[in-house]
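Okay, so here's the structure we're looking at.
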Amino acid sequence: LFGHIDHRGAVINDKIVLNFFDSEQALQAAQSHLITAHPLQAAPVSTDVPLISNQEAYLNIALIKAYHENLSRGQARRLALEQLDRLGLAHIALRRNPSLTPEERFYVMLLRAAMVRDAILLIDQPFKMIPHLKNIASVRAVLKKIDDLYLSCHIFDYSWMKEKYSGEGL
């Protein structure tokens, strides 16, 4: 699914890099390095960057394009609704953060991050955000559906979570 394992232990394909760490300090240092190296492109998907709770799901996504590319509110709204529909999530467009399931929240956060121009997605511990997932297959499927929206995706997690990144369905 993700390609070969390089000498650092990260699993790589042409767009997705898995990064595993043995400590919180090492994980945070690697994330900080990526953000520092690409300040305009780094697009985190993390519990540290929550959705705006009093805004609808589509607006959390639309605000990024409206701000970064000076799109009109209508253009940004249409784009956000198209991206939600692309993932089969058009029905959640008007829901606010507290009304979303963990999986819906994650995908809205992912689409929001992908709205950054030339996005380098940084997904911080996806199983922390979607604890009921047995493996990474559904996240990988969504990343494949939107792979035209980002340059690369870096998934950061702990080494003891590696098992969830392999197995059936991947």
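Quick note: residue numbers are just sequence positions, from 1.
The two atoms that bring R140 and I16 nearest to each other are NH1-CD1, 3.2 Å, heavy atoms only. Listed here is the closest heavy atom pair of P131 and K128: CD-O, 4.0 Å. Counting all heavy atoms, side chain and backbone alike, F156 lies closest to A30 at CE2-CB, 3.7 Å. Heavy atoms only, all atoms of each residue included: P98 and S53 are closest at CD-O, 3.8 Å. Taking both residues in full, the closest heavy atoms of I130 and P102 are given as CG1-O, 4.2 Å, listed atom of the first, atom of the second, then distance. The two residues V45 and A113 have their closest heavy-atom pair at CG2-CB, 3.6 Å.
Using a 3.5 Å distance cut-off with no hydrogens or angles, the side chains of D157 and Y165 do pair a donor with an acceptor. Residues N54 and R96 bring no donor and acceptor atom of their side chains to less than 3.5 Å of each other. Using modelled atom types, one finds no donor on one side chain facing an acceptor on the other under 3.5 Å when comparing Q75 with R78.
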Quiz prompt | Intermediate values then yes/no, side chain to side chain contact (heavy atoms under 4.5 Å, CB included), L79 and Q83 | solution = CA-CA 6 Å; L79 179 61; Q83 297 309 322; 3.7 Å; yes

Quiz prompt | Full working for side chain to side chain contact (heavy atoms under 4.5 Å, CB included) between E103 and H132 | solution = CA-CA 9 Å; E103 201 162 7; H132 69 276; 3.4 Å; yes

Exercise. Decide side chain to side chain contact (heavy atoms under 4.5 Å, CB included) for D124 and Q31; before the verdict, give the C-alpha distance in whole Å, the side-chain angles of both, and the deciding distance to 0.1 Å.
Key: CA-CA 8 Å; D124 179 30; Q31 289 177 346; 2.8 Å; yes

Practice problem: Please assess I123 against H154 for the test side chain to side chain contact (heavy atoms under 4.5 Å, CB included), listing each intermediate value before the final yes or no. | Solution: CA-CA 6 Å; I123 301 177; H154 300 261; over 6 Å; no

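S46 is not listed as a side-chain neighbour of L122, based on a closest heavy-atom distance of 4.5 Å or more. Within the 4.5 Å cutoff, no side-chain heavy atoms of M109 are placed close to those of V49. The shortest distance between side-chain heavy atoms of Y150 and I120 does not fall below 4.5 Å. Between L149 and R86, the closest side-chain pair of non-hydrogen atoms falls below 4.5 Å. Taking the side chain as every heavy atom from C-beta outward, I136 and L18 never approach each other to under 4.5 Å. The side-chain heavy atoms of I92 and T101, taken from C-beta on, include no pair separated by under 4.5 Å. For the pair S138/L133, a side-chain contact is recorded, criterion being any heavy-atom separation below 4.5 Å from C-beta on. Side-chain contact between F106 and V139 is present, with at least one heavy-atom pair separated by less than 4.5 Å.
Follow the hydrophobic side-chain contacts under 4.5 Å out from F127 and you reach L27 in the same cluster. Residues I64 and Y67 do not share a hydrophobic cluster, clusters being chains of Ile/Leu/Val/Met/Phe/Trp/Tyr side chains in contact below 4.5 Å. Each of V116 and L151 belongs to its own hydrophobic cluster when Ile, Leu, Val, Met, Phe, Trp and Tyr are linked at side-chain heavy-atom distances under 4.5 angstrom. In terms of hydrophobic clustering, with Ile, Leu, Val, Met, Phe, Trp and Tyr side chains grouped at heavy-atom distances under 4.5 Å, L71 and L40 are assigned to different clusters.
Using modelled atom types, one side-chain atom of K15 and one backbone atom of D147 make a donor-acceptor pair closer than 3.5 Å. R77 places no side-chain N or O within donor-acceptor distance of the main-chain N or O of Y58, the cut-off being under 3.5 Å. Distance alone, capped at 3.5 Å, places no donor-acceptor pair between the K65 side chain and the R112 backbone. Judged purely by atom type and a 3.5 angstrom limit, N60 has no side-chain atom pairing as donor or acceptor with the backbone of L51. No donor-acceptor distance shorter than 3.5 angstrom exists from the side chain of S99 to the backbone of R95, with no hydrogens or angles considered. Remark: side-chain polar atoms of E69 are not paired, donor with acceptor, to backbone N or O of A66 under 3.5 angstrom.
Residue E56 holds its CD atom at 10.5 Å from CG of L81, rounded to the nearest 0.5 Å. With rounding to the nearest 0.5 angstrom, the CE atom of M129 is 9.0 Å from the CG atom of L110. E104 contributes atom CD, which lies 11.0 Å from atom CG of N97 (distance to the nearest 0.5 angstrom). Between N19 atom CG and H33 atom NE2 the span is 11.0 Å, to the nearest 0.5 Å.
The side-chain contact (heavy atoms from CB on, under 4.5 Å) test with V108 singles out one residue from L87, L89, L84, and that residue is L84.
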